[in-house]
Amino acid sequence: MEKRVRVRFAPSPTGGLHMGGVRTALFNYLFAKKHGGDFILRIEDTDQTRYVKGAEDYIIAALKWCGIEPNEGVGFGDGPYKPYRQSERKASGLYKNYADKLIAGGHAYYAFDTSEELDEMRKRLEAAKVAAPQYNSVSRQNMRNSLTLSEDEVKKLIESGTPYVIRLKVPRNEEIRFHDIIRGWVVVNSTQVDDKVLLKSDGMPTYHLAHIVDDIEMKISHAVRGEEWLPSAPAHILIYRYLGLESDMPLLAHLPLILKPDGNGKLSKRDKSGLPMFPLDWHDERTGESYVGYRESGFTADAFINMLALLGWNPGDTREIMPMSELIESFSFERVNKSGAKFDPEKTKWFNQQYLRKRSDAELAESFAPILESKGHKAGLPAGEAGKVFLTEFCRLIKEKAHFINEFYDLGSYFFVAPNSYDEKVISKKWNENSKALYTKLNEKFSAASEWSIDSVTKLFHEAETELGKLDMQLVRVLVTGVSGGPQLMDMLALLGKTEVTNRISAALTVLK
RNA sequence: GGCCCGUUCGUCUAGGGGUUAGGACGCGUCCCUUUCACGGACGAAACACGGGUUCGAUUCCCGUACGGGCUACCA
């Protein structure tokens, strides 16, 4: 019988969740939803020295914004396997029990070496030109551990409170084979694997032990994580094996990494591409550093998620704009790539543009209102319903030009504040000695208008042209907005209103000679 | 350095023993538009290299190069 699909996203609260982490969470989520399974959020806070205040709340808030909601776990109502924070799970002696089982089976041992002794060992091995200096089947013979010390000595050391760790006893020269859903069979010789610390001297388990214990306890069916874990997978296989749990082991899937847009390396917290690396604004209290988020930069969650999903995965056809429901429906690990994918800021913007266009004008107006307010131009808007209508129409006109809602203001600030300068290029090219008289007359016609709508202004304009001769639309635009480009002229004039338009033209005519 | 993973247009990718190697972003040209954008049409642009295997390899195998990851009492 197939195991029920249960997957987990298990970040450690050492900082804000960056987009690479979001994608790992996303793939887990898509897979769970696709198979009607469970998606769990587990917090792996076994390293108190790296704990960052606020990180956990950030992770939860980020997942919520992204629409990647766990149905079990920290911040999402817990569930049958609570607690979901490893620091809290430790209290029951859970991890220690598993470590003890390994010791009893002869597959783990106590090690009393101090960090100085470990440093010395590494230096010694490096000096001896050992290719991979590590605590392993060879070097452990010269260290202070329960394999080299007598039973009595070990007992004495432990009873006297000497700090110790528990290490995995990795055999020498044994072939470790494991299957990865994305990569196929991977073979590693155990000589390459070091005797990993399983339980630290502070009593906390390391990731290696903790995630295995929890995956087993929480009945996880698939361990989906980043490629950076591939090298330690052989050690994990050994732990499952020595615990007699190989048959309950989750299936493995190592996701390709997201790489920097330029040059090389994996994506870092700060990137010069100009786009955020975090879903939400993140402020690290410890370092005092702040990072902007996608949300605050004007991205919509669906665009962000869509972009992330297609970084290293594709549906097998040419679809690109896919809402979450479609991503879920199409998702499979078979279509996840093996190689790392460079993050593409341009395409990311394009995704947001696509989603921006899909949103209704009224909806955009609602999102834009607070942005406008922050610019201090609320006063310029008509009150109440009229203001809403104005903003909705404004969004209709401006959205075709923008990638982000945050650009709306810069693209159309002249809708809210009259210009105080006029595009030099257009003026020097098109303004001549006849212009002043010509556009004064046009303005008179505007002033006399009894009706003011897109249609009526268009009609008025054409009438003026037959009467006064050819008019220059771009010049009219500059007189009213100060800039050379923008939405359809007539639409814009109509929205601005008769009074505003005629006032602005008058003002321009007094400035221009 | 060692080990592991990878390599199709600049980027994200489809494909797969015989294809005009397809799509998307970006770029360029044209059309639409009395502006800009949107939209439409078209275009430039790729199988890392060397050996095999084969009638035939971009596709399979091996090397090399290049890229990435790991190499902690961090995850």
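Protein chains get the first letters and strands the later ones, always in sequence-line order, with residue 1 at the start of each.
- Closest heavy-atom contact between A/Lys200 and A/Asp47: NZ-CA, 3.9 Å.
- Nucleic acid contact for A/Arg319: none, since no nucleic acid atom lies under 4.0 Å from a heavy atom of the residue.
- Taking a pair to require two hydrogen-bonding distances under 3.5 Å in either a Watson-Crick or a G-U wobble arrangement, B/rU34 remains unpaired.
- If you check every strand for non-hydrogen atoms under 4.0 Å, A/Gly312 touches sugar and phosphate atoms only.
- Across B/rG39, B/rC70, B/rC5, the shortest atom-to-atom separation from the side chain of A/Arg357 is found for B/rG39.
- For A/Lys169, the NZ atom sits in a loose shell: 12 or fewer heavy atoms of surrounding residues, nucleotides or ligands are nearer than 6.0 Å.
- As rounded to the nearest Å, B/rA57 and B/rG51 have C1' atoms that lie 13 Å from one another.
- Side-chain atoms of A/Lys470 and base atoms of B/rU34 include a donor and an acceptor less than 3.5 Å apart.
- One can place CG of A/Leu308 at 20 Å from P of B/rU11, the figure rounded to the nearest angstrom.
- Remark: A/Leu17 CG to A/Trp282 CH2 distance equals 10.0 Å, nearest 0.5 Å.
- Base pairing of B/rC25 is made with B/rG10, judged by Watson-Crick or G-U wobble geometry with both donor-acceptor distances under 3.5 Å.
- Proximity of A/Asn314 to the phosphate of B/rG23: no side-chain N or O atom is located under 4.0 Å from OP1 or OP2.
- Two residues, A/Asp194 and A/Ala10, neighbour RNA chain B, and the one matched to the more 5' nucleotide by heavy-atom proximity is A/Asp194.
- Each of A/Tyr414, A/Tyr409, A/Phe415 was evaluated against A/Phe394; a single residue qualifies, A/Phe415, per the ring pair (Phe, Tyr, Trp, His ring centres under 6.0 Å) test.
- When all heavy atoms of A/Ala402 and A/Phe408 are compared, the closest pair comes out as CB-CE1, 3.5 Å.
- Residue A/Arg183 is the one, among A/Arg183 and A/Asp344, whose nearest nucleotide of RNA chain B lies closer to the 5' end (criterion: closest heavy atom).
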Report task. Please assess A/Trp431 against A/Tyr422 for the test ring pair (Phe, Tyr, Trp, His ring centres under 6.0 Å), listing each intermediate value before the final yes or no. Result -> CA-CA 11 Å; A/Trp431 190 258; A/Tyr422 303 93; 9.1 Å; no

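- Rounded to an integer number of Å, the gap from CH2 of A/Trp229 to C1' of B/rA72 is 11 Å.
- Within 4.0 Å of A/Thr14, counting heavy atoms only, lies no atom of the nucleic acid at all.
- Atom CG in A/Asn136 sits about 12 Å away from atom P in B/rA72, given to the nearest Å.
- Under 4.0 angstrom from either OP1 or OP2 of B/rU34 there lies no side-chain N or O belonging to A/Lys430.
- One can place CD1 of A/Ile176 at 19 Å from P of B/rC70, the figure rounded to the nearest angstrom.
- Listed for the A/Gln141 side chain is a donor-acceptor partner under 3.5 Å among the backbone atoms of A/Ser137.
- Residue contacts shown for A/Ser201 include a base, since a base heavy atom lies under 4.0 Å away.
- For B/rC60 and B/rA41, the C1' atoms lie 41 Å apart once the distance is rounded to whole Å.
- As judged by a 4.0 angstrom heavy-atom cut-off over every strand, A/Gln134 is placed among residues making no nucleic acid contact.
- In this structure, the nucleotide among B/rC4, B/rG23, B/rG69 sitting nearest to the side chain of A/Leu257 is B/rG69.
- Taking 4.0 angstrom as the limit, A/Lys200 places a side-chain polar atom (N or O) nearer than this to OP1 or OP2 of B/rA75.
- Residue contacts for A/Glu465: at a heavy-atom cut-off of 4.0 Å it reaches a base atom on one of the strands shown.
- Nucleotide B/rC38 holds its P atom 11 Å from the CG atom of A/Leu411, rounded to whole Å.
- Computed from coordinates, the A/Asn352 CG to B/rC25 P distance equals 15 Å when rounded to whole Å.
- Residue A/Asn337 has no polar side-chain atom (N or O) positioned under 4.0 Å from OP1 or OP2 of B/rC12.
- Contact annotation for A/Pro487: base contact, defined as any heavy-atom pair under 4.0 Å involving a base atom.
- B/rU11 atom P lies 16 Å from atom CG of A/Leu267, rounded to whole Å.
- Test A/Trp313, A/Phe331, A/Phe333, A/Phe9 against A/Phe27 for ring pair (Phe, Tyr, Trp, His ring centres under 6.0 Å) and you get one pass: A/Phe331.
- The gap from the P atom of B/rG69 to that of B/rC61 amounts to 25 Å, rounded to the nearest Å.
- The side chain of A/Asp47 approaches B/rA75 more closely than any other nucleotide in the set B/rU34, B/rC25, B/rA75.
- Listed nucleotides B/rA24, B/rG26, B/rG2 differ in distance to A/Glu346; the shortest reach to its side chain belongs to B/rG26.
- A/Asn432 and A/Ser435 share a side-chain donor-acceptor pair at under 3.5 Å.
- Taking the side chain of A/Glu228 as heavy atoms from C-beta on, and the options B/rC25, B/rG68, B/rA75, the nearest nucleotide is B/rA75.
- Between the CG atom of A/Asn306 and the P atom of B/rU13 there is a distance of 14 Å, given to the nearest Å.
- Across the strands present, B/rA57 finds no partner; the criterion is a Watson-Crick or G-U wobble pair with both atom distances under 3.5 angstrom.
- In the set B/rG2, B/rC25, B/rG6, the nucleotide with an atom closest to the side chain of A/Ser339 is B/rG6.
- Among the protein residues, A/Lys349 comes within range of no part of the nucleic acid, since none of its heavy atoms lies under 4.0 Å from any strand.
- The side chain of A/Gln353 approaches B/rC38 more closely than any other nucleotide in the set B/rC38, B/rC4, B/rU34.
- For A/Arg167, a side-chain nitrogen or oxygen approaches OP1 or OP2 of B/rC73 to under 4.0 Å.
- Comparing B/rA24 with B/rA46, their C1' atoms are spaced 15 Å from each other, to the whole Å.
- Nucleotide B/rU20 has no partner under the Watson-Crick or G-U criteria, as no pair reaches both atom distances under 3.5 Å.
- For A/Ser12, counting side-chain heavy atoms from C-beta on, the closest listed nucleotide (B/rA75, B/rA24, B/rU35) is B/rA75.
- The nucleotide whose nearest atom lies closest to any side-chain atom of A/Arg122 is, among B/rC73, B/rU34, B/rC5, B/rC73.
- Under the ring pair (Phe, Tyr, Trp, His ring centres under 6.0 Å) test applied with A/Phe299, the options A/Phe304, A/Phe404, A/Trp350 reduce to a single match, A/Phe404.
- When heavy atoms are screened at a 4.0 angstrom cut-off, A/Val165 is found touching base atoms of the nucleic acid.
- Under 4.0 angstrom from either OP1 or OP2 of B/rA75 there lies at least one side-chain N or O belonging to A/Thr46.
- Across B/rU33 and B/rC27, the matching C1' atoms stand 22 Å from one another, rounded to whole Å.
- Pair assignment for B/rU64: B/rA48, on the basis of Watson-Crick or G-U wobble contacts that are both within less than 3.5 Å.
- With a cut-off of 3.5 Å on both Watson-Crick or G-U wobble distances, the partner of B/rC3 is given as B/rG69.
- Within 4.0 Å of A/Val426, counting heavy atoms only, lies no atom of the nucleic acid at all.
- The side chain of A/Arg50 sits closest to B/rC74 out of B/rC74, B/rG26, B/rG23.
- Residue A/Arg477 is in base contact, counting any heavy-atom pair closer than 4.0 Å across all strands shown.
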